[in-house]
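What you see is a predicted model, and the numbers here were worked out from it, not measured in a lab.
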Amino acid sequence: MRRRGAFAGLIVALAGALAGALAGCGLDVASPDLFLVTRTGAGKQLTMVVNYDGTVTCNRRAGKILPDKLLLLARSLPGQLESDAQNKIDPRSPRGSVYRFKVSLQYGTFSFPDTSAAHRPELAKLEQLFLEAQPYCG
């Protein structure tokens with residue numbers, strides 16, 4: 001009887017250690033990036049990476065947390081931009097265009113001029129997010 005109790009105690013201890021080890025493993029798992037956007041044109045080039053956990057990094061500086069409103073918008077964009085990325089759209093910049101955006105998603109990469117947003121609501125949302133997230137770039 002005594003051996004059975006000692007064995008059961010050993011099993012409980014090992015199970016607890018295993019559970020603790022597995023729980024600790026999850027602490028260092030990084031969230032995926034939603035997208036990377038590079039804006040070129042007038043002024044300095046700006047590269048912004050938006051992560052699923054809500055951080056935004058610009059030009060490889062330390063990340064900062066986006067407000068919930070911007071994070072929800074950022075999380076909605078990859079699905080809306082999937083076909084553009086898969087089709088690798090790259091229209092020319094017309095006269096009057098100031099900026100050009102290059103977007104990289106898990107589905108692929110595409111580019112567009114700022115004037116495309118006038119006809120494409122999802123590109124307008126991306127540009128708006130880019131503008132509103134800039135103050136969080138540091």
Side-chain angles (χ1 to χ4, degrees):
M1 190 70 109
R2 185 180 260 185
R3 280 186 168 166
R4 190 177 283 173
F7 184 70
L10 179 61
I11 296 295
V12 169
L14 286 174
L18 180 61
L22 290 175
C25 290
L27 296 177
D28 291 333
V29 174
S31 296
D33 293 334
L34 293 170
F35 48 82
L36 177 145
V37 181
T38 301
R39 184 193 67 197
T40 55
K44 294 171 98 176
Q45 175 177 310
L46 180 61
T47 299
M48 180 182 292
V49 178
V50 180
N51 191 280
Y52 188 84
D53 69 3
T55 57
V56 60
T57 58
C58 297
N59 294 341
R60 298 184 182 193
R61 291 188 213 137
K64 294 195 177 178
I65 302 293
L66 288 173
D68 291 344
K69 174 185 145 194
L70 293 180
L71 177 58
L72 288 173
L73 175 59
R75 286 181 178 171
S76 74
L77 285 171
Q80 296 176 40
L81 301 171
E82 180 179 355
S83 67
D84 291 336
Q86 289 176 338
N87 294 323
K88 298 178 177 21
I89 68 164
D90 190 14
R92 291 193 169 174
S93 296
R95 289 174 58 91
S97 178
V98 177
Y99 295 111
R100 185 154 189 87
F101 294 88
K102 181 178 180 182
V103 183
S104 296
L105 304 155
Q106 68 178 4
Y107 316 109
T109 300
F110 68 98
S111 300
F112 66 95
D114 57 353
T115 53
S116 294
H119 309 288
R120 302 279 309 280
E122 63 278 11
L123 297 181
K125 288 178 189 177
L126 179 64
E127 284 187 38
Q128 187 66 35
L129 173 71
F130 194 88
L131 275 172
E132 290 184 28
Q134 281 184 32
Y136 300 94
C137 286

Quiz item: Does Leu36 share a hydrophobic cluster with Val50, counting links as ILVMFWY side-chain heavy atoms below 4.5 Å and allowing steps through other members?
Solution: no
Exercise. Please confirm whether the backbone N or O of Thr55 pairs with a side-chain atom of Asp53, one donor and one acceptor, at under 3.5 Å?
Key: yes
Quiz item: For Thr109 and Ser104, does a side-chain donor sit closer than 3.5 Å to a side-chain acceptor?
Solution: yes
Practice problem: In sequence, state the C-alpha distance, the side-chain angles, and the governing distance for Met48 and Thr57, and then conclude on side-chain contact (heavy atoms from CB on, under 4.5 Å). | Solution: CA-CA 6 Å; Met48 180 182 292; Thr57 58; over 6 Å; no
Practice problem: List the steps and the verdict of side-chain contact (heavy atoms from CB on, under 4.5 Å) for Leu73 and Lys125. | Solution: CA-CA 8 Å; Leu73 175 59; Lys125 288 178 189 177; 4.1 Å; yes
Quiz item: Applying ring pair (Phe, Tyr, Trp, His ring centres under 6.0 Å), which residue pairs with at least one partner in residues 65-103 are found, sequence neighbours left out?
Solution: Phe101-Phe112, Phe101-Phe130
Quiz item: How many angstroms lie between atom SG of Cys58 and atom CG of Leu46, to the nearest 0.5 angstrom?
Solution: 5.0 Å
Exercise. Would you check if the side chain of Asp33 reaches a backbone N or O of Asn51 as a donor-acceptor pair within less than 3.5 Å?
Key: no
Practice problem: Starting at NZ of Lys88, measure out to CD of Gln86 and round the result to the nearest 0.5 Å. | Solution: 8.5 Å
Self-check item: Inter-residue atom distance Leu72.CG - Leu77.CG, 0.5 Å rounding
Solution: 11.0 Å
Quiz item: Are any of the side-chain heavy atoms of Val56 and Val49 separated by less than 4.5 Å?
Solution: no
Quiz item: Does any pair with a residue in residues 66-78 pass salt bridge (charged side-chain N to carboxylate O under 4.0 Å, His left out), and if so which ones, sequence neighbours excluded?
Solution: Lys69-Glu132
Self-check item: Min side-chain heavy-atom separation Leu71-Tyr52 under 4.5 Å
Solution: no
Practice problem: Heavy atoms only: give me the nearest Tyr136-Pro67 pair and the separation to one decimal. | Solution: OH-CG, 3.3 Å
Self-check item: Side-chain (Glu82) to main-chain (Pro78) donor-acceptor, under 3.5 angstrom
Solution: no
Practice problem: Report yes or no: do Val98 and Val103 belong to one cluster of Ile/Leu/Val/Met/Phe/Trp/Tyr joined by side chain heavy-atom distances under 4.5 Å? | Solution: yes
Quiz prompt | From CA spacing to verdict: salt bridge (charged side-chain N to carboxylate O under 4.0 Å, His left out), Asp114, Arg39 | solution = CA-CA 9 Å; Asp114 57 353; Arg39 184 193 67 197; over 6 Å; no
Quiz prompt | Between CD on residue Glu122 and OG on residue Ser116, distance to nearest 0.5 Å | solution = 10.0 Å
Quiz item: Roughly how far, to the nearest 0.5 Å, is CZ of Arg92 from OG1 of Thr115?
Solution: 13.5 Å
Quiz item: So do the side chains of Leu126 and Val37 get within less than 4.5 Å of each other, counting heavy atoms only?
Solution: yes
Quiz prompt | Residues that Asp90 engages under salt bridge (charged side-chain N to carboxylate O under 4.0 Å, His left out), provided they are two or more places apart | solution = Arg100
Quiz item: What is the distance from atom OG of Ser76 to atom CG of Leu81, rounded to the nearest 0.5 Å?
Solution: 8.5 Å
